*Asks:* 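Okay, handing you the structure first.
Letters go in sequence order (proteins before strands), and every chain restarts at 1. Keep in mind the model is a prediction, meaning the values are calculated, not measured.
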Protein chains: 2
Amino acid sequence: MTDDLNSRHKQRMARIQKARERIQATKTLERGLLIVHTGDGKGKSSAAFGMALRSAGWGMRVAIVQFVKGSWETGEKHFFRDHPEFASFEVMGEGFTWDTQDRERDIAAARAAWARSLALIHDPAIDYVVLDELNIVIGYDYLPIGEVVAALQARPLTKHICITGRGGKPELLEIADLVTEFREVKHPYKAGFKAQRGVEY
Amino acid sequence: MTDDLNSRHKQRMARIQKARERIQATKTLERGLLIVHTGDGKGKSSAAFGMALRSAGWGMRVAIVQFVKGSWETGEKHFFRDHPEFASFEVMGEGFTWDTQDRERDIAAARAAWARSLALIHDPAIDYVVLDELNIVIGYDYLPIGEVVAALQARPLTKHICITGRGGKPELLEIADLVTEFREVKHPYKAGFKAQRGVEY
């Protein structure tokens with residue numbers, strides 16, 4: 001490496017730094033964000049849990065509601081059961097709908113989970129609320145999208161809310177502040193791998 | 001809701017359940033996965049930390065190396081500093097390259113972080129290794145992609161490894177088992193919001 005290369009690098013990076021500082025000075029808004037993680041790729045719930053960990057690192061109070069309960073045990077369930085100091089964690093779904101095969105029971109469970117979610121959203125003691133797989137139960141029409149959107153529009157702007165699940169409805173994305181699509185590029189399941197601990201549950 | 005609708009729902013769900021069971025029976029492979037989170041969207045590191053939380057929930061041992069150190073404090077740094085029982089957490093980067101403006105120092109830092117990463121990858125006591133923002137330092141040519149790929153191909157298959165950062169190189173995606181692209185649909189930064197605690201750091 002020549003001194004010339006280093007010197008050009010230093011000049012270019014100084015320019016980038018100045019430009020970044022100029023842009024950042026214009027970013028002044030601050031309030032609770034409505035976040036949606038959607039798409040067919042993996043990581044939607046993991047990323048919501050990672051933000052729970054970040055929030056806990058700042059001493060923020062976190063509440064998680066899972067709208068769909070898999071039949072299996074999960075790492076996140078074990079973690080929050082053993083460490084309730086980091087987040088309240090409630091599994092309120094009645095299992096995947098092909099496991100229960102009972103539409104009315106699924107709807108009742110979704111309705112109960114939604115009522116609990118609204119209580120948490122309006123609880124001033126909570127700083128971050130995760131509504132895990134809410135998109136799934138909306139997709140099955142277990143909760144009307146219009147009702148969910150109206151309630152979220154009336155939310156207090158003092159906390160972050162993260163909604164996960166594939167198939168996030170356009171009406172929800174429309175009112176969200178931050179939307180990420182998780183796009184599947186390569187999935188081990190298709191290569192014959194089982195779902196694995198730590199990664200998928 | 002009519003009984004007829006419920007009954008058709010039950011039949012359809014029973015068919016889906018059978019189909020799922022048939023497919024799942026063919027998924028028998030199990031070994032450590034090489035995972036890459038790339039793309040311009042938010043959540044790549046959060047999802048890696050969420051898997052750390054899941055892994056900790058299963059009693060798996062986790063190690064995290066951060067290749068790029070922002071100038072700010074982060075929730076994840078606070079969390080793991082206060083709770084080293086969940087993961088070893090090492091910030092080894094020298095800051096964003098436009099902050100250091102010193103290419104040789106950045107390369108030396110990347111090299112040291114990579115040496116530490118290899119030690120963790122080959123440590124039989126570790127079950128899950130996060131190489132946070134490794135894609136960034138590869139993108140700057142601070143580490144040669146060929147060397148990284150060769151080392152990862154020689155990895156022990158007993159643990160999961162997750163590499164994050166935008167601009168994941170095709171050579172890396174080629175050897176990975178699970179690749180998710182995080183696609184930005186809507187970003188609060190562009191609407192004038194500051195980066196916010198719990199969400200972005």
*Asks:* Side chain, backbone, both or neither: which part of His83(A) has an atom under 4.5 Å from a heavy atom of chain B?
*Replies:*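 For His83(A), the contact with chain B is made by the side chain alone.
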*Asks:* With a 4.5 angstrom heavy-atom cut-off, could you sort out which part of Tyr201(A) is near chain B: side chain, backbone, both or neither?
*Replies:*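 Both the backbone and the side chain of Tyr201(A) come within 4.5 Å of chain B.
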*Asks:* Which atoms of Leu33(A) come close to chain B, meaning under 4.5 Å heavy atom to heavy atom: side chain ones, backbone ones, both, or neither?
*Replies:*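 For Leu33(A), the side chain is the part near chain B, not the backbone.
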*Asks:* Can you tell me how far apart NE2 (His9(A)) and CD1 (Ile107(B)) are? Round to the nearest 0.5 Å.
*Replies:*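 His9(A) atom NE2 to Ile107(B) atom CD1 measures 8.0 Å (nearest 0.5 Å).
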*Asks:* I need the residue from Thr74(A), Asp127(A), Asp82(A) with the largest number of non-hydrogen atom pairs under 4.5 Å to chain B.
*Replies:*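 Max contact count across the listed options: Thr74(A).
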*Asks:* Of the backbone (N, CA, C, O) and the side chain (C-beta and beyond), which part of His160(A) lies under 4.5 Å from a heavy atom of chain B, both, or neither?
*Replies:*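 The answer is the side chain of His160(A).
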*Asks:* Closer than 3.5 angstrom, by distance alone: can the side chain of Lys77(A) be matched with the main-chain N or O of Gly57(B) as a donor-acceptor pair?
*Replies:*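 No.
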*Asks:* With chain A as the partner, which of Arg12(B), Arg183(B), Met60(B), His187(B) has the greatest number of non-hydrogen pairs under 4.5 Å?
*Replies:*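 Looking at each option in turn, the highest pair count goes to Arg183(B).
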*Asks:* Distance check, rounded to the nearest 0.5 Å: Arg31(A) atom CZ versus Phe193(B) atom CZ?
*Replies:*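 Between atom CZ of Arg31(A) and atom CZ of Phe193(B) there are 3.5 Å.
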*Asks:* Could you tell me which non-hydrogen atom of Gly198(A) sits nearest to which non-hydrogen atom of Ser55(B), and how far apart they are?
*Replies:*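 Reported closest heavy-atom pair: CA-OG, 3.4 Å.
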*Asks:* Given the options Gly50(B), Ala47(B), Gly41(B), Ser45(B), which has more heavy-atom pairs under 4.5 Å with chain A than any of the others?
*Replies:*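 Ranked by contacts with chain A, first place is Ala47(B).
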*Asks:* Shorter than 4.5 Å, heavy atoms on both sides: which option in Arg15(B), Arg197(B), Glu184(B) has the most such pairs with chain A?
*Replies:*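 So the answer, after comparing Arg15(B), Arg197(B), Glu184(B), is Arg197(B).
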*Asks:* If you tally heavy-atom pairs under 4.5 Å against chain A, which of Gly59(B), Gly192(B), Ala52(B) wins?
*Replies:*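 Of the options given, most contacts go to Gly192(B).
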*Asks:* Check the orientation of His78(A) and Trp58(B). Use parallel for under 30°, tilted for 30 to 60°, and perpendicular for over 60°.
*Replies:*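 Perpendicular.
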*Asks:* Flag the one option from Phe182(A), Phe80(A), Phe79(A) with the top tally of heavy-atom pairs under 4.5 Å to chain B.
*Replies:*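 The residue among Phe182(A), Phe80(A), Phe79(A) with the greatest pair count is Phe79(A).
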*Asks:* Would you indicate whether Glu85(A), at its atom CD, is surrounded by more than 12 heavy atoms from other residues, nucleotides or ligands within a distance under 6.0 Å?
*Replies:*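 Result for CD/Glu85(A): enclosed.
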*Asks:* I need the residue from Ala176(B), Cys162(B), Gly43(B) with the largest number of non-hydrogen atom pairs under 4.5 Å to chain A.
*Replies:*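 The candidate making the most pairs under 4.5 Å is Ala176(B).
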*Asks:* So which of Glu200(A), Lys18(A), His37(A) has the largest heavy-atom pair count under 4.5 angstrom toward chain B?
*Replies:*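 Heavy-atom pairs under 4.5 Å are most numerous for Glu200(A).
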*Asks:* Would a distance-only check, ignoring hydrogens and angles, find a side-chain to backbone donor-acceptor pair under 3.5 Å from Lys42(A) to Leu178(B)?
*Replies:*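 Between the backbone of Leu178(B) and the side chain of Lys42(A) there is no qualifying donor-acceptor contact (under 3.5 Å).
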*Asks:* Show the numbers, then the answer: is there a side chain to side chain contact (heavy atoms under 4.5 Å, CB included) between Glu76(B) and Leu53(A)?
*Replies:* CA-CA 7 Å; Glu76(B) 62 269 28; Leu53(A) 183 153; 4.1 Å; yes
*Asks:* I would like to know whether Val199(B) and Tyr128(A) meet side chain to side chain contact (heavy atoms under 4.5 Å, CB included); could you show each step before the answer?
*Replies:* CA-CA 9 Å; Val199(B) 178; Tyr128(A) 173 46; 6.0 Å; no
*Asks:* Kindly determine whether Leu173(B) and Lys186(A) satisfy side chain to side chain contact (heavy atoms under 4.5 Å, CB included), including the steps that lead there.
*Replies:* CA-CA 8 Å; Leu173(B) 307 195; Lys186(A) 206 186 236 185; 5.7 Å; no
*Asks:* What heavy-atom pair brings Met51(A) and Ser46(B) nearest, and what distance separates the two atoms?
*Replies:*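 The pair with the smallest heavy-atom distance is CG-OG, 3.7 Å.
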*Asks:* Please state whether the side chain, the backbone, both or neither of Thr180(A) comes within less than 4.5 Å of a heavy atom of chain B.
*Replies:*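 Answer is both: backbone and side chain atoms of Thr180(A) are under 4.5 Å from chain B.
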